[in-house]
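Following: one structure in structure tokens, then a few remarks.
Start at 1 and go down the list; that is how both ligands and their atoms are numbered.
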Amino acid sequence: MDIVNVTGPLPPQGHNPEGLWLVGCGNMAGAMVEGWRSAATDLSQAVAIRPSGTPVPGVRTVRTVAKAGPPPGIALLGFKPQKLPEVAPELAAAIGGETIVLSMLAGVEVETLRQRLPAAAAIVRVMPNTPVAIRRGVIAVFGEALDQAQRTRVGSLLAPLGYVAWCGSEAELGTIGHVAGSGPAYVARFIAALAAAGEGKGLDPGLALTIARETVLGTAWLAAAGGEPMAEIARRVTSPDGTTQAGLVVLDGELPGLIERVVAAAGRRSAELAADARAIDSSPAHP
Ligand SMILES: NC(=O)c1ccc[n+]([C@@H]2O[C@H](COP(=O)([O-])OP(=O)(O)OC[C@H]3O[C@@H](n4cnc5c(N)ncnc54)[C@H](OP(=O)(O)O)[C@@H]3O)[C@@H](O)[C@H]2O)c1
């Protein structure tokens with residue numbers, strides 16, 4: 001006798017422990033895919049789910065969760081936080097009890113995700129930055145009560161993409177996001193400002209940009225290779241009463257306070273987004 005489930009969606013069939021769903025694969029998840037591809041990570045079990053159907057190079061791409069196949073070992077959420085109410089119902093019905101949900105939704109807390117996706121084996125938040133595309137990313141990770149196997153599974157997926165920072169709290173993950181997740185935008189602005197200053201002093205624009213970019217890259221590389229304190233790296237190019245010293249007097253008067261305000265502003269916006277996500281959950285319209 002055929003058994004037909006007439007009361008709701010059919011339960012997920014089977015389970016693919018090696019499976020990886022990329023639920024939304026735009027800029028950030030796309031950058032992670034680039035990193036995995038350049039690390040020769042096996043993506044044969046990965047499926048990108050994007051409503052536009054825009055192909056993701058090297059990854060099977062479908063438009064809907066329903067077409068993605070059996071529940072995967074890991075479902076990486078890569079859509080915008082505002083899309084959670086729209087995506088969650090279908091996803092909640094499709095993932096299995098062995099699926100680890102890896103969410104990169106900025107500001108959306110574990111508790112909110114747990115309410116939306118109650119069947120998930122574990123909820124893990126990640127906060128990557130865009131240099132994951134070249135395997136030099138920073139990826140903050142926080143998981144609720146992960147067992148060792150889950151931690152190893154998540155860690156080995158992320159390790160090819162750069163520096164993985166396991167966090168002890170969501171607050172720590174948030175702060176790393178405000179420093180490293182947003183950081184490429186701040187560093188890009190610094191490079192552009194250094195280049196503009198050179199251009200303002202008569203340098204060719206292309207040359208000014210190249211030397212500003214290479215200076216930041218070279219200094220970061222020097223710091224990473226030698227492990228010296230930043231103060232020492234600065235001291236080695238600063239003669240007492242010399243030209244760099246004159247520049248630093250101006251910079252040191254402004255930069256620390258400015259960057260502190262920048263990071264604080266990102267933190268305030270993140271708190272607003274988290275409050276919005278919680279408000280949607282507790283609204284009467286939400287079942
Ligand atoms: N950008 C960053 O530096 C950064 C850093 C850390 C975390 N994040 C987080 O990463 C997430 C994505 O940001 P992004 O900059 O990559 O955004 P994005 O480029 O706009 O990509 C969003 C993706 O979501 C997909 N999408 C839209 N509606 C969907 C639905 N109903 N079901 C499934 N997928 C859907 C889009 O599909 P189509 O491709 O078909 O349009 C697209 O692939 C956000 O939650 C953000 O907070 C971003």
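- Atoms CZ and CD, from Arg125 and Glu170 in turn, are 5.0 Å apart once rounded to the nearest 0.5 Å.
- The nearest heavy-atom contact from the protein to atom 25 (C) of ligand 1 is Gly24 CA, 3.6 Å.
- With a 4.0 Å cut-off on non-hydrogen atoms, Met28 touches ligand 1 through its backbone as well as its side chain.
- A cation-pi arrangement is absent between Arg135 and Trp36 under the rule of less than 6.0 angstrom and at most 45 degrees off the ring axis.
- Close to ligand 1: Val87, with a non-hydrogen atom less than 4.0 angstrom away.
- With sequence neighbours left out, the side chain to side chain contact (heavy atoms under 4.5 Å, CB included) criterion links Glu98 to His15.
- For ligand 1, the polar-atom distance check against Cys25 finds a nitrogen or oxygen pair separated by under 3.5 Å.
- Distance CG/Leu157 to CD1/Ile139: 9.5 Å, rounded to 0.5 Å.
- Residue contact check: Glu86 has heavy atoms under 4.0 Å from atoms 31 (N) of ligand 1.
- Among protein heavy atoms, atom 15 (O) of ligand 1 sits closest to Lys80 NZ, 3.5 Å.
- Every atom of ligand 1 with a heavy atom of Lys83 under 4.0 Å away is listed here by number and element: 28 (N).
- Of all atoms in ligand 1, numbered sequentially from 1 with element shown, those under 4.0 Å from a heavy atom of Met127 are 6 (C), 7 (C).
- Taking all heavy atoms of Pro51, Ala140, Gly183 into account, the minimum distance to atom 36 (C) of ligand 1 is reached by Pro51.
- Less than 4.0 angstrom separates some heavy atom of Ala106 from each of these atoms of ligand 1: 45 (O), 47 (O).
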Is there a side-chain contact (heavy atoms from CB on, under 4.5 Å) between Leu20 and Gln45? Walk through the geometry before answering.
CA-CA 6 Å; Leu20 170 66; Gln45 302 297 308; over 6 Å; no

The test is salt bridge (charged side-chain N to carboxylate O under 4.0 Å, His left out); show your working for Glu232 and Arg236 and say whether it passes.
CA-CA 6 Å; Glu232 177 57 18; Arg236 279 201 273 119; 3.8 Å; yes

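- Contact atoms of ligand 1 toward Met104: 7 (C), 8 (N), 9 (C), 10 (O), 45 (O), 46 (C), 47 (O) (distance under 4.0 Å to a heavy atom of the residue).
- Thr99 places none of its side-chain heavy atoms less than 4.5 Å from the side chain of Ile74.
- Considering CD of Glu34 and OG1 of Thr130, their distance stands at 10.5 Å, rounded to 0.5 Å.
- Protein heavy atom in closest approach to atom 41 (O) of ligand 1: Ser52 OG, 4.0 Å.
- Here the heavy atom of the protein found nearest to atom 22 (C) of ligand 1 is Gly78 O, 3.7 Å.
- Closest to atom 44 (C) of ligand 1 among all protein heavy atoms lies Phe79 O, 3.2 Å.
- Taken together through direct or relayed side-chain contacts under 4.5 Å among Ile, Leu, Val, Met, Phe, Trp and Tyr, Ile123 and Met104 form parts of separate hydrophobic clusters.
- For Leu84, the side chain to side chain contact (heavy atoms under 4.5 Å, CB included) partners two or more places apart in sequence, or in a different chain, are Phe79, Ala88, Leu105, Val108, Thr112, Leu113, Arg116.
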Give the C-alpha distance, both sets of side-chain angles, the deciding distance and a yes or no for salt bridge (charged side-chain N to carboxylate O under 4.0 Å, His left out) between Arg114 and Glu111.
CA-CA 5 Å; Arg114 174 50 75 193; Glu111 181 56 31; over 6 Å; no

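- Within ligand 1, the atoms closer than 4.0 Å to a non-hydrogen atom of Pro128 are 5 (C), 6 (C), numbered from 1 in the order shown.
- Of the protein's non-hydrogen atoms, Gly26 CA, 3.3 Å is the one closest to atom 21 (O) of ligand 1.
- Among Asn27, Ile49, Val56, the residue whose heavy atom lies closest to atom 19 (O) of ligand 1 is Asn27.
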